[in-house]
Amino acid sequence: MRQVPLFIGGEFTPSQSEHWIDVTNPANNEVIAQVPSATEAEMTQAIDAAAEAFKSWKEVPVSERARLMLRYQALLKGHHDELGEILSQETGKTFEDAKGDVWRGIEVVEHAANVASLMMGETVENVGRGIDTYSYIQPLGVCAGITPFNFPAMIPLWMFPMAIACGNTFVLKPSEQDPLTPTRLAELFVEAGAPKGVLQVVHGGKDQVDRLLSDPAIKAISFVGSVPVGRYIYETGTRNMKRVQSFAGAKNHMVVMPDADKDQVINALVGASVGAAGQRCMAISVAVFVGEAQQWIPELKEAMSKVRPGCWNDKEASYGPVISAKAKARIEQLIARGEEQGAKLELDGRGCQVEGMPNGNWVGPTLFSGVKADMDIYKEEIFGPVLNCMEAENLEQAIALINANPYGNGCSIFTNSGGAARRFQHEIEVGQVGINIPIPVPLPFFSFTGWKGSFYGDQHAYGKQAVRFYTETKTVTSRWFSSEPVTGPNFSINLK
Ligand code: NAD
């Protein structure tokens with residue numbers, strides 16, 4: 001059985017742990033590898049290696065750090081198919097979707113290669129007579145990242161390339177459910193020329209995360225995952241005086257105005273709700289039909305009923321299995337609860353089978369109509385291929401519904417009215433808004449800006465905000481004496 005190594009101080013080493021976790025292929029639940037829960041001593045080694053490497057890495061010129069990212073980006077592109085295949089096998093994603101996961105990470109590495117211009121400070125000459133003020137952006141030290149199962153390439157790549165390009169060193173703790181992709185990312189980082197100790201990859205679960213949260217050497221923690229863990233990470237990390245950015249769960253709505261293009265709406269809803277088996281933090285899980293647009297639900301049902309899951313290399317499959325048998329059971333329980341609580345189950349994805357793969361975690365496309373805000377299927381993040389349809393009399397009601405929801409990751413409106421779109425983008429209390437775009441994930445020169453219960457912290461992932469998150473600003477006020485007459489002591493706070 002393949003045992004996933006730790007990556008510490010530039011070496012891939014087998015763990016001495018007595019606790020190993022099975023990594024399964026979600027399409028058949030066969031065990032494909034085992035991942036260790038790193039021991040206390042291994043966690044210490046990883047953090048110490050990062051702290052030691054920081055002493056020299058922070059002195060490496062910014063253009064050299066940028067060149068490492070350029071080489072890394074080229075290698076990731078060169079290994080795009082291979083990474084997609086590894087990722088497909090441990091997540092169940094279709095090959096095309098797995099390559100998309102890798103690609104959106106590559107884009108962040110490209111952005112990290114621009115680090116010199118992103119790290120420029122500010123200057124003002126003559127803030128006082130003969131006195132100048134300027135600021136430098138400096139790295140923090142050792143940073144750590146804790147990532148979820150659903151994007152094992154993109155989300156680690158949101159974190160360590162930006163942090164390392166800024167001059168920090170990094171300890172990554174990827175999801176124990178799909179550690180093979182992050183391991184390959186680390187191997188390629190070495191091949192790109194990353195010095196020893198700049199990146200470590202450790203494995204495990206809560207104990208290992210708690211170690212990162214409590215170690216004083218770690219200055220900043222980036223987390224992406226579910227709401228309860230996200231809150232815990234934010235509360236614990238900040239209590240331990242760390243800088244924390246914590247991206248959590250979501251419930252994303254798409255408002256459908258009656259003047260929208262019906263075919264575009266239906267395609268967008270099908271792809272954005274069941275794509276990646278609904279396991280995207282930006283998946284559309286609620287469609288809000290305004291007025292007469294609700295008449296399109298039968299056509300939506302018809303379109304969704306034609307979609308089917310399948311194995312990663314099945315070119316006809318629209319999406320893959322959900323990550324685990326446990327996740328499947330939870331989704332099926334929520335579907336049952338939706339029915340019990342009075343929603344109309346238009347399409348039932350329970351009991352879905354895929355030919356030749358009887359043990360996979362399959363869930364078929366599932367559609368509810370008549371969903372109300374007090375039902376569990378609305379209140380909880382289902383994280384499966386399930387779409388809830390709700391109704392609103394007008395745009396105002398639709399906006400009020402979304403603004404009352406505790407999450408604020410993404411939302412979208414489909415309309416042909418500029419006025420409706422403008423009102424929606426202005427009034428909606430959600431951090432990422434799509435106009436006739438169902439999944440508005442910003443490219444890395446912007447930031448990934450979830451709001452409310454979908455994000456705890458101040459500075460978001462990638463873009464300029466990531467540079468702020470992973471750095472400190474130092475402001476220097478300077479005067480060089482030339483031929484000024486010497487005056488007496490200055491007893492005021494003013495610069496003279
Ligand atoms: P998860 O919270 O179960 O796990 C995330 C990470 O936290 C993993 O590395 C895991 O090992 C660790 N972890 C789990 N339990 C822990 C605990 N008790 N204490 C400390 N660490 C713990 O999340 P998941 O199921 O892997 O990922 C899916 C979730 O991630 C969904 O809720 C999804 O919305 C969210 N997500 C959010 C975003 C975003 O940008 N907002 C992006 C992707 C995923």
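Side chains included, hydrogens not; waters and symmetry mates left out as well; all remaining heavy atoms used. Numbering of ligands and ligand atoms starts at 1, following listing order.
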Asks: Would you verify whether the NZ or CZ of K93 falls within 45 degrees of the ring axis of F151 while also being under 6.0 Å from that six-membered ring's centre?
Replies: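 Yes, a cation-pi geometry.
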Asks: Of all the non-hydrogen atoms in the protein, which one sits nearest to atom 27 (O) of ligand 1, and at what distance?
Replies: P148 CB, 3.2 Å
Asks: Which atoms from ligand 1 have a heavy atom of N150 less than 4.0 Å away?
Replies: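 This gives 43 (C), 44 (C) as the contact atoms.
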Asks: List every atom of ligand 1 that sits less than 4.0 Å from any heavy atom of S175, numbering the atoms from 1 in the order shown and giving each element.
Replies: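 Answer, ordered by atom number: 9 (O).
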Asks: So is there a nitrogen or oxygen of T147 less than 3.5 Å from a nitrogen or oxygen in ligand 1?
Replies: yes
Asks: Find all atoms of ligand 1 within a distance of less than 4.0 Å from any non-hydrogen atom belonging to I155, and give their numbers and elements.
Replies: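 Answer for ligand 1: 42 (C), 43 (C).
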Asks: Does ligand 1 come near enough to E381 that some N or O of the ligand is less than 3.5 Å from an N or O of the residue?
Replies: yes
Asks: Atoms of ligand 1 less than 4.0 Å from V209 heavy atoms?
Replies: 20 (C), 21 (N)
Asks: In the protein, what heavy atom is nearest to atom 12 (C) of ligand 1, and what distance, to one decimal place, separates them?
Replies: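 For this ligand atom, the closest protein heavy atom is I146 CG2, 4.2 Å.
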Asks: Taking only non-hydrogen atoms of Y407, do any sit less than 4.0 angstrom from ligand 1?
Replies: no
Asks: Check whether the ring centres of F247 and W158 lie less than 6.0 Å apart, and answer yes or no.
Replies: yes
Asks: Taking both backbone and side-chain atoms of V229, is any N or O found less than 3.5 Å from an N or O belonging to ligand 1?
Replies: no
Asks: Out of all atoms in ligand 1, which are within 4.0 Å of some heavy atom of C281? Include the element for each.
Replies: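 Contacts of ligand 1 toward C281, numbered from 1: 34 (O), 36 (N), 37 (C), 38 (C), 39 (C), 40 (O), 42 (C), 43 (C), 44 (C).
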Asks: Please confirm whether the ring centroid of Y378 lies under 6.0 Å from the ring centroid of H253.
Replies: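 Judged by ring-centre distance (under 6.0 Å), Y378 and H253 do meet the cut-off.
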Asks: Could you check, using the six-membered ring where one of them is a Trp, whether H460 and F455 have ring centers closer than 6.0 angstrom?
Replies: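 Under 6.0 Å, so yes.
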Asks: Indicate yes or no for a side-chain donor-acceptor contact from W312 to the backbone of E85 under 3.5 Å, with no hydrogens or angles considered.
Replies: no
